[in-house]
Amino acid sequence: QNISIFPNPFNTNLTIQIPTSQPKAIEINVFDITGRVITQETINSTNRNIVLNSETWSDGVYFIQMKLSNSIIVKKAIKQ
C-alpha cells in the first residue's frame, strides 16, 4: 500500500496521506508502545490527507493502524 505518514519523526501534527484508489471510509487507531489506544477515528471523506493532532501525546514510539477495505496496515511513527 502506498500510504505515507509524515513527518516522521513528528512534533505536534502527524499527516497520513492515503491514495485516491483506497475507499473513503478508513478506520485509524493509534497505539503507544505499551499497546494503549491513544486515539480512534473513522474517516469517511474524499480528503486524502488526514492530520492527527498529537499535542497531548507524550514523546515516544506510536503505531498507526489503518483498516482499509479488506486489509490492515500498520506504520510506526516517532514523536519527539
Would K75 and F63 count as a side-chain contact (heavy atoms from CB on, under 4.5 Å) if you check the C-alpha gap in whole Å, the side-chain angles of each, and the deciding distance to 0.1 Å? CA-CA 6 Å; K75 300 263 185 174; F63 297 96; over 6 Å; no
Check step by step if side-chain contact (heavy atoms from CB on, under 4.5 Å) holds for F10 and I5. CA-CA 10 Å; F10 64 99; I5 294 179; over 6 Å; no
Do [X] and [Y] come within less than 4.5 Å of each other through their side chains, counting heavy atoms only?
X: I50; Y: I18; answer: yes
X: I3; Y: M66; answer: yes
X: I64; Y: I16; answer: yes
X: V30; Y: V37; answer: no
X: I28; Y: I43; answer: yes
X: L52; Y: E41; answer: yes

Mind checking whether I78 and F6 sit in one hydrophobic cluster, side chains of I, L, V, M, F, W, Y counted as touching below 4.5 Å? no
Is there a path from I26 to V74 through hydrophobic residues (I, L, V, M, F, W, Y) whose side chains come within less than 4.5 Å of each other? no
I'd like to know if the side chain of T12 reaches the main chain of S54, judged simply by a donor and an acceptor atom lying under 3.5 Å from each other, with no hydrogens or angles considered. no
In terms of ring plane angle, is the pair Y62 and W57 parallel, tilted or perpendicular, where the classes change at 30° and 60°? tilted
So which heavy atom on [X] is nearest to which on [Y], and how close?
X: D32; Y: I38; result: N-CG1, 3.8 Å
X: N11; Y: K79; result: O-CE, 2.8 Å
X: N13; Y: P7; result: O-CD, 3.9 Å

Worked check of side-chain contact (heavy atoms from CB on, under 4.5 Å) between T42 and K67: CA-CA 9 Å; T42 299; K67 295 181 182 178; over 6 Å; no
Starting at CD1 of I72, measure out to CD of E27 and round the result to the nearest 0.5 Å. 8.5 Å
Does a donor on one side chain sit under 3.5 Å from an acceptor on the other, for N49 and Q17? yes
